[in-house]
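Lettering follows sequence order; numbering is per chain, from 1.
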Amino acid sequence: MEYFLQLFFAGLTKGSIYALIALGYTMVYGIIQLINFAHGEIYMIGAFTALIVAGVLSVFNLPVAAIFVIVTLVAILYSSAYGYTIEKIAYKPLRNAPRLSALISAIGMSIFLQNYVLLAQTSDFLPFPSLIGQFEFMASYNHILSSSGLVIIISTFIAMVLLSLYIKFTRMGKAMRATAQDKKMALLLGINVDRVISTTFVVGSALAALGGVLIANHIGQINFFIGFIAGIKAFTAAVLGGIGSVPGAVLGALILGWTESFSTGYISSDYQDVFAFILLVVILIFKPSGILGKKTDQKV
Amino acid sequence: ADTIKLGVAGAHSGDLASYGIPTVRAAQFVVDEYNKNGGIDGKKIELLVEDDECKPEKAVNAATKLMSQGVDVVVGHICSGATKAALSIYLSQMIPVISPSATNPALTQSGDYPNFFRTIAPDDAQARLEVDFAVEELGLKNIAVIHDKGDYGKGLAQFAKKFIEETEGVNVALFEGVTPGALDYSAIVQKIKNSNADGVIFGGYHPEASKIVTQMRKKEMNIPFISDDGVKDETFIKVAGKYAEGVYATGPKDVSSNPLAKEAEKKHMEKYGEQSGAFYLNGYAAAQAILNAIDNADSTDPQKVMQAMRTNYVETPLGKIKFDEKGDAIGVGFSVYQVQNGEYVELNY
Amino acid sequence: MFSEIKKSLLVSVWFMFLTFPIMVIKVNTIENTIIWRWENLVLIGLGSFFLSFLWRFMHNKKATKRRQDYKDVLSKLFYDNLIENKKVFIPIVAALIIFILLFPKMFSTYQVTIMTTALIYVVLGLGLNVVVGFAGLLDLGYVAFYAVGAYTYALLNFNYDISFWIALPLAGILGAMAGILLGFPVLRLRGDYLAIVTLGFGEIIRLVLENWGEFTHGPSGIAGIDRPNFGFDLSIVGSINAIYYFVFFFVLVTIFFTNRLQNSRIGRAWVALREDEIACQAMGVDKTKTKLSAFAFGATWAGFMGAVFAAKTTFINPASFTFLESAIILSIVVLGGMGSIPGVILGALILILLPEYLRAFSEYRMLIFGGAMVLMMVFRPQGLIKSKRRRYNLESMSKKKLKERQNAASS
Amino acid sequence: MLRLNNVNTFYGNIQALHDVSLEVKEGEIVALLGANGAGKTTTLMTISGIVPPQTGEIFYNKTPLHLMKPDEIVKLGVCQVPEGRHIFPHLSVSENIDLGAFLRRDKEQIRKDVEYVYDLFPQLAVRKNQLGETLSGGEQQMLAISRALLSKPKLLLLDEPSLGLAPIIVRQIFDIIKQINRESKTTILLVEQNANLALQIADKGYVMETGKIRLSGDAKDLLNNDDIKKAYLGGV
Amino acid sequence: MQPLLEINGLTMDFGGLRAVDNIDFNIYSKEIVALIGPNGAGKTTFFNCVTGMYRPTGGDIYVHTDRDNKKRVNGLKPNKVTELGLARTFQNIRLFKGMTVLENVMIGRHCRTHANIFSALMRNKRIIREEYESASYSYHILERVGLDVFANEIAENLPYGAQRRLEIARALATEPKVLLLDEPAAGLNPQETDNLIDIIKMLRDEENISVLLIEHDMGMVMKISERITVMDYGKKIAEGPPGEIKENPDVIKAYLGEDIDAQA
Ligand SMILES: Nc1ncnc2c1ncn2[C@@H]1O[C@H](COP(=O)(O)OP(=O)(O)OP(=O)(O)O)[C@@H](O)[C@H]1O
Ligand SMILES: Nc1ncnc2c1ncn2[C@@H]1O[C@H](COP(=O)(O)OP(=O)(O)OP(=O)(O)O)[C@@H](O)[C@H]1O
Ligand SMILES: [Mg+2]
Ligand SMILES: [Mg+2]
């Protein structure tokens, strides 16, 4: 039983990590139907910015909590700025182009950003300072769930709820939903579609940055390539849950996390990703638009 | 030709770039040193750098390009797979190739590649040492063997598994691969714990090792963790921090007191403002060994150079080395290290 | 003019802000040292200032090009002439073929090797073009079929010493079967759901190759695969040239076949399926069969090329069959112009040769490559060459005209 | 109120509007007629800024619309119910209506206006919480008009509001158009295929043909024009 | 006489919504029948069930293949239904936009031709002939509906009215016995509508095709149809010749409104 719980929480933590990245994926996809392959790189840049800022701040002898807050805020600021800029450069000019063109542009952008960080920083892994200490009340559960894992799970949950509320109730959220469903009509209702799309990228990137900081802190190391696998996994999770849906992204990510953790624990980690992808195929066969996805059946 | 052309090939971009770039830097330092002193027999040395991303097909391209440019000798490639692919090209003109990091045993032991040398020990030698150390010194009985599914790590782990199974009274508790680059290894860590292993042998590189060790230690699993040369890297200690304490890793004999190694490290620090990375010293030694061989042979004729590699010792940061008939370095001894107070300390084993 | 400068200044300030932490600061968290590289900030500032002019200039050009329709018509006419006017087209193609045939005589072995690689990707691109460009099925796991072909030959050769010429057709057949295997479960899926499942399929194949050590030799791969035997003994250089010619021959065959199919009953059904699945079914097209045939046909070429690839590198391991490879092949198709055969050929040559020729830029190589991909898409979103539909000769089919002619003859 | 001067609009290389000039006075209903592909929809899209004109000017009162972005134009009170209704499929009826008031901040007044449109179309009130995509064609058309009304347009552009509707609903919709014109003093530019009905409620009419304005005049005169009768009213 | 298409108790549910409710319907050779009803009555859904787009939840659909044989087509795939001789057009035009007009029609020939991948690659005499015949057959259909001048144009560049006719041409290429047209006159001006009426009549008279059409343009419906079926809320509320239907109070209440002539 304990083993089960351990695997359960291992999967939950991992799933939450995927979820934070998947949320941004799903938002961007929802609004412009673009698989934003560069999203993983935004997450990586968030983590790098955090590392750099933490390094600079370490000179000042601040309390760890303060460093954590500042680092997170700056990472969010910068990732958002990158997300915003990337959209303007690589996607906006392609808005009326065939959808695959934007996809290729995204792949190119992803390669570019990886190498940009590789060249400007280093190819090596860098240690990420531990910014979240061990909570005392967690001491006796530590063998099941670490403190940083707990923070990730809670943050993901909060991010999901806030994001859902934001999309459901704010003006911008409404504008996002309208833009996602019918851009031309949104324009005709006076919605500034460009701004809505930019905002989506900014919000999605901010979430990725938050993920970057938390995950780097949890794992303790980063390099320029971490965005790639994380991005693919998050994309998988978003599709599994039904791309475009916020709770779907989280659910998909959790299922993915659990599949990986239980298949490792009870079968073999060699084939962990194989199981994950097989699960994906099976779920999509029975629910072709993901678990919580909108039916895409066209009315004839 | 009026220059001697030294090729350096390996992964310089993509996810494995960090294993290839240090060798380029090392070779550059060695070549600069030679050229400062007037080159070899009055000929300057020209460095030709080619990226192969550790992919076989790119390695073939890189090798063909180097050959087209009339390369005399090659330091590289980095990954065993890419090296094998590239060797099929070099073999046609018997270009001497010396790798700082390709550890696949077959490269030397199969006899297929007479022009191949390396300044790193093959996987089986390391695995032997790891297992003997684990069993004899640490008295482990039930060992979990984990690897990163990679060419190097898995090969090593398979040897370790084989050696453990051959030893009376010792079991393999678990034999599994982890996905490199994955975000989190807590599931596999829990599984190790659940297998009641009394020690872990890990085959692979430091990023995964540090993640696994960190999570093991955070979960208060304090069983011995034994790994390989891919982990015996300063970065591992930097990244894993306090969790690195007590970890064992095999690696070339300690050379930190070797003045050449000190010097090489110093150069790197001066020029790049950071410590060197993986296989830096191996690369350094490889470049030195091959250039020295040319010097001794007074020729770039492959046969003569290879002969010189096998007969003459050369002083390198790794010590005084020459190469055996198969191409493995003689004099690159292996030791077991342990992280103590944030440093790798050579054990007397 | 003044406002232009102001705009560029803004851009420049923005990029200096954006790249500040990553370009300027380098920290060492262990030794607590920080390196400030202010010179980079200046470079970025100046660079983005000037590049922003270029960027806007290019955008304006793109916009005005759309406007000056008469000019566009002219260039279109020119292009149409090139393709349709046999007098121009045939000599160009002939010259091209002669150039390609003489290529090994004129250039170094290295050039021949990378050209062979490029030609292999031409075939791969044309194969994927059938799936993505014609049938509109977004396949992100195409590399899986390539791997199947490569391992077919490698394993047969390694275990049973089977020659390349026997393994080649088998590789194609197994590729096709893998295509059908993938096709079945994903038929119901649309658009990007299909994309992720194919991506997953590609990963599954790679992971199995990596983990099933007893069968596939795992990550250390299979070495010493025989080069094809062309009936007479060849040196390595000779053999590289021979493979080059063989691949070139294969390119011709692929072009010939895909071109034939494009304007056949099946090819039309593929395109129609891409345009509107529902209408297509209502017109009597069997969706399942048609989709599967596209998958299988596309995969066959990947299977063939896999075997050629294994023979060419003489060593394979799973590292050659990553997702990035699928992404590159897809980029070839999209960048070249979806559905357009000459476009895909051009796309493959550019995308595969570009990184090789960028070797001069050494470590900036992939940076430039990524950037170039973005720019090419931004400024040529339709791809380099747009696909064209076949025009039919109507005269011969018209009953009306036939009658008129008969009437004219009889009267 | 609205004036187009020699407007030329392109789709890529295809010129869809050739020197189109027309005028709509405050309080009028103006019908824009023409065969398929004549450029009626394009004219509306050009006014709304979705497909900006290449040359020519569009003035709304004194404001140059041809220099403005679509959302700014809507802010001025120029709203369009586009061809094909464009209901947001995954939003409920009430959310669809709310979006009409996207630019408005006067919550009180919005509530009153929502009630007004529910009065106008009682069927919609019943289906408040139903998703847009599940409505029948006629209901979608009502929803589209309601949504436009919520943005309090001073000038309403209607593109083929009767397309695909049952006869009984067509009449209802035309009655409502008349009603909004009279009661809320909304100026209306109406594009219609059903020329007969359109001219019956319009003050003025324009007839387009292949991107050009071919005829214009009083609605009554046009109704009795033989050419028009033949081409657009179905026989004589 | 044998009907061509025989439908008994057809029912279609979407979740809780019964869009088509127990409809009986027959169509005979050389008939033009109209299906009318308010928006959302279930007319298009009825088409979708008959042509295999949806699998009906209840009832039977039979196609009479010859004098004594009938085949149940419930749940058959759309392409099979088309092979059996039912072809349709769509309410919102669904052309293959990027293909030429001729190619659009040639897709209709798909189910009457046989070339597979291998024979297409070999392109032997038989295949060349088949290709030629399929092209010329398609071209003749274009001549019939007056689209031959556009044959090599890309379909999406066609004027709207021509696109409507192209949909019909494409359906004709499948050699249907019954042609189902979903609002073929929507968005057409009266002149174009008259043109369409002539085409439909010509099809019946010269090609022996029966036509079932959904239409809201009462002028056209009254002019063309021999029989009208009226649906409301999924149910059949009336059936009969135009004159009768025009006077039917239920139909007037649900659909036509009071003075229908003012509109027509
Ligand atoms: N997005 C587009 N791209 C290219 N051409 C277009 C586009 N939209 C319309 N056109 C062309 O512009 C011309 C005018 O079309 P428009 O839609 O304005 O006509 P319309 O009068 O509204 O016709 P309808 O009665 O069919 O709605 C037509 O020839 C049409 O083919
Ligand atoms: N795929 C579907 N899922 C759920 N409901 C549907 C679906 N298709 C149709 N409906 C519903 O079934 C009912 C009948 O729709 P249908 O399209 O058949 O109407 P119609 O008679 O063709 O109307 P119109 O004249 O407006 O085209 C409507 O209420 C519609 O919302
Ligand atoms: Mg229109
Ligand atoms: Mg309908």
So what's closer than 4.5 Å to chain A heavy atoms on V132(C): side chain, backbone, both or neither? side chain

Please determine, among I205(C), I22(C), V197(C), L207(C), the option with the most heavy-atom pairs under 4.5 Å with chain A. I22(C)

Checking heavy atoms, do the side chain of I52(A), its backbone, both or neither come under 4.5 Å from chain C? both

Based on non-hydrogen pairs under 4.5 Å, which of V117(A), T49(A), T85(A) is most in contact with chain C? T85(A)

Enclosure of F57(C) CZ (heavy-atom neighbours >12, cutoff 6.0 Å): no

What heavy-atom pair brings F277(A) and G200(C) nearest, and what distance separates the two atoms? CD2-CA, 3.4 Å

Of the backbone (N, CA, C, O) and the side chain (C-beta and beyond), which part of I34(C) lies under 4.5 Å from a heavy atom of chain A, both, or neither? side chain

Tell me which of these, L375(C), T19(C), L335(C), L324(C), has more heavy-atom pairs under 4.5 Å with chain A than the rest. T19(C)

Quick one: what part of L140(C) sits under 4.5 Å from any heavy atom of chain A, side chain, backbone, both or neither? side chain

Measuring heavy-atom distances to chain C, does Y29(A) have an atom under 4.5 Å in its side chain, in its backbone, in both, or in neither? side chain

Heavy-atom distance under 4.5 Å to chain C: side chain of L100(A), backbone, both or neither? both

Quick one: which of F369(C), F323(C), F379(C) has the most heavy-atom pairs under 4.5 Å with chain A, could you say? F323(C)

Choice from V334(C), L189(C), L18(C), I25(C) maximising heavy atom contacts with chain A below 4.5 Å: L18(C)

W212(C) portion near chain A, given a 4.5 angstrom heavy-atom threshold: both

Shorter than 4.5 Å, heavy atoms on both sides: which option in I104(A), L240(A), I111(A) has the most such pairs with chain C? I104(A)

Heavy-atom pairs under 4.5 Å with chain C, option from L77(A), V282(A), I278(A), L119(A) with the top count: L119(A)

Measure the spacing between OH of Y91(A) and CE of M377(C) and express it to the nearest 0.5 Å. 12.5 Å

Could you measure the distance from the CE atom of M376(C) to the OG atom of S101(A)? Nearest 0.5 Å is fine. 12.5 Å

Quick check on R37(C) against chain A: is it the side chain, the backbone, both or neither that has a heavy atom closer than 4.5 Å? side chain

Count the heavy-atom pairs under 4.5 Å between each of A90(A), G290(A), P93(A) and chain C, then report the option with the highest count. P93(A)

Quick one: which of A97(A), A106(A), S105(A) has the most heavy-atom pairs under 4.5 Å with chain C, could you say? S105(A)

Are Y116(A) and M23(C) packed together at the side-chain level, in the sense that at least one heavy-atom pair is separated by less than 4.5 angstrom? yes

Contact class of L103(A) relative to chain C, heavy atoms under 4.5 angstrom: side chain

Between D270(A) and N211(C), is there a donor-acceptor pair closer than 3.5 Å when you use the side chain of the first and the backbone of the second? no

Atom group of F201(C) that falls short of 4.5 Å from chain A, counting heavy atoms: neither

Q114(A) CD to M366(C) CE distance, which is reported to the nearest 0.5 Å: 8.5 Å

CG of N115(A) to OH of Y364(C), rounded to nearest 0.5 Å, is 11.5 Å

Determine, step by step, whether F112(A) and I368(C) satisfy the side-chain contact (heavy atoms from CB on, under 4.5 Å) criterion, reporting the C-alpha distance in whole Å, the side-chain angles of both residues, the deciding distance to 0.1 Å, and the verdict. CA-CA 7 Å; F112(A) 180 86; I368(C) 298 173; over 6 Å; no

Using non-hydrogen atoms and a 4.5 Å limit, figure out which bit of S58(A) sits close to chain C: side chain, backbone, both or neither. side chain

Proximal component of F228(A), with respect to chain C [non-hydrogen, under 4.5 Å]: side chain

Tell me, side chain or backbone of L284(A) under 4.5 Å from chain C's heavy atoms, or both, or neither? both

Let me know if F224(A) has heavy atoms under 4.5 Å from chain C in its side chain, its backbone, both or neither. neither

Atom OH of Y84(A) with >12 non-hydrogen neighbours under 6.0 angstrom: no

F17(C) ring center near Y78(A) ring center (under 6.0 Å): yes

Honestly, the part of V56(A) sitting under 4.5 Å from a heavy atom of chain C is both

Ranking L118(A), V74(A), I89(A), I107(A) by heavy-atom pairs under 4.5 Å to chain C gives rank one to I89(A)

